[in-house]
Amino acid sequence: MSDEARVAVIERYEAGETSTALAEAYGVAKSTILGILRANSVVVRRQPLTPEQVSEATRLYNSGLSLSQVAERLRVNQETMRVALLKSGLALRLPTGHDC
């Protein structure tokens, strides 16, 4: 990506565009956009899950997958996903290996 494009990514992100939208606009992976932002000391915002992502995460979690497996499948941050599931009212299972 050119220096001009990197500057534009930073400006657009700081103006409110999401890293996902920028990745699509520039035809690169979201991780590339996040790398550009972090390399330039831009504070990266947490992006909440969409209602569709929460619904899919709930379905996958209820099918027996762990939080980390669901997060990996959906390519989202595990903590962001956990918070979204809790806010949706889903009761989470105890982590694997916990005996009560």
Side-chain angles (χ1 to χ4, degrees):
M1 188 177 284
S2 71
D3 288 342
E4 293 81 14
R6 290 174 188 268
V7 169
V9 164
I10 294 165
E11 289 173 351
R12 290 173 65 174
Y13 185 80
E14 289 179 333
E17 285 191 59
T18 66
S19 56
T20 302
L22 289 167
E24 290 173 8
Y26 286 91
V28 298
K30 182 176 172 178
S31 60
T32 301
I33 298 298
L34 294 174
I36 291 167
L37 297 172
R38 290 185 179 118
N40 289 278
S41 302
V42 175
V43 176
V44 178
R45 302 180 299 270
R46 272 195 188 252
Q47 296 177 16
L49 300 184
T50 65
E52 294 79 17
Q53 287 174 308
V54 173
S55 177
E56 180 66 2
T58 300
R59 186 187 70 73
L60 292 169
Y61 185 75
N62 284 336
S63 78
L65 294 180
S66 69
L67 284 176
S68 60
Q69 290 170 324
V70 174
E72 185 177 327
R73 280 247 182 121
L74 297 180
R75 295 186 175 130
V76 298
N77 177 278
Q78 182 176 331
E79 182 61 14
T80 301
M81 186 198 60
R82 187 185 73 77
V83 169
L85 290 177
L86 288 172
K87 281 185 179 180
S88 77
L90 182 69
L92 300 181
R93 301 182 297 268
L94 287 175
T96 305
H98 277 265
D99 295 325
C100 291

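Quick note: numbers below take in every heavy atom, side chains included, and nothing from hydrogens, waters or symmetry partners.
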Item to check | Closest heavy-atom pair and its distance - R93, L65 | outcome: NH2-O, 2.6 Å

Checklist entry - Taking only residues two or more places apart in sequence or in another chain, which ones pass salt bridge (charged side-chain N to carboxylate O under 4.0 Å, His left out) with E79? => result R82

Item to check | Gap separating the OG1 atom of T32 from the CZ atom of R6, nearest 0.5 angstrom | outcome: 8.5 Å

Item to check | Pairwise side-chain contact, R59 with E56, heavy-atom cut-off 4.5 Å (strictly under) | outcome: yes

Next on the checklist: Please give me the minimum heavy-atom distance between A25 and R12, naming the atom from each residue.
Outcome noted: CB-NH2, 3.9 Å

Checklist entry - Once you round to the nearest 0.5 Å, how far does CZ of R73 lie from CE of M81? => result 12.0 Å

Next on the checklist: Just verifying a value: how many Å separate L49 CG and S55 OG, rounded to the nearest 0.5 Å?
Outcome noted: 11.5 Å

Checklist entry - Under a single-linkage definition using a 4.5 Å side-chain heavy-atom cutoff for Ile, Leu, Val, Met, Phe, Trp and Tyr, are L92 and V70 assigned to the same hydrophobic cluster? => result yes

Item to check | Cation-pi geometry met for R45 and Y13 (6.0 Å, 45°) | outcome: yes

Item to check | Side chain proximity check, V54 to L90, heavy atoms < 4.5 angstrom | outcome: no

Next on the checklist: Is the shortest side-chain heavy-atom distance between L60 and L74 below 4.5 Å?
Outcome noted: yes

Next on the checklist: Could you work out, with side-chain hydrogen bond (donor to acceptor under 3.5 Å, both in side chains) as the rule, every residue matching Q69, not counting sequence neighbours?
Outcome noted: S66

Next on the checklist: Quick check: closest heavy atoms across Y26 and A8, and the distance to 0.1 Å?
Outcome noted: OH-CB, 3.3 Å

Checklist entry - Tell me, do L67 and L85 make a side-chain contact under 4.5 Å, heavy atoms counted? => result yes

Item to check | hydrophobic_cluster_shared for Y61 and V76, side chain cutoff 4.5 Å | outcome: yes

Checklist entry - Atom OG1 in T58, atom CD in Q53: separation rounded to 0.5 Å? => result 11.5 Å

Next on the checklist: Do V7 and I36 sit in one hydrophobic cluster, given that two such residues count as connected whenever their side-chain heavy atoms are within less than 4.5 Å of each other, even indirectly?
Outcome noted: no

Next on the checklist: Less than 4.5 Å apart, side chain to side chain, heavy atoms only: is that true for M1 and V9?
Outcome noted: yes

Next on the checklist: Using 0.5 Å steps for rounding, measure from the NZ atom of K30 to the OG atom of S19.
Outcome noted: 4.0 Å

Checklist entry - Under 4.5 Å between side-chain heavy atoms, hopping through other hydrophobics if needed: is there a path connecting V44 to V28? => result yes

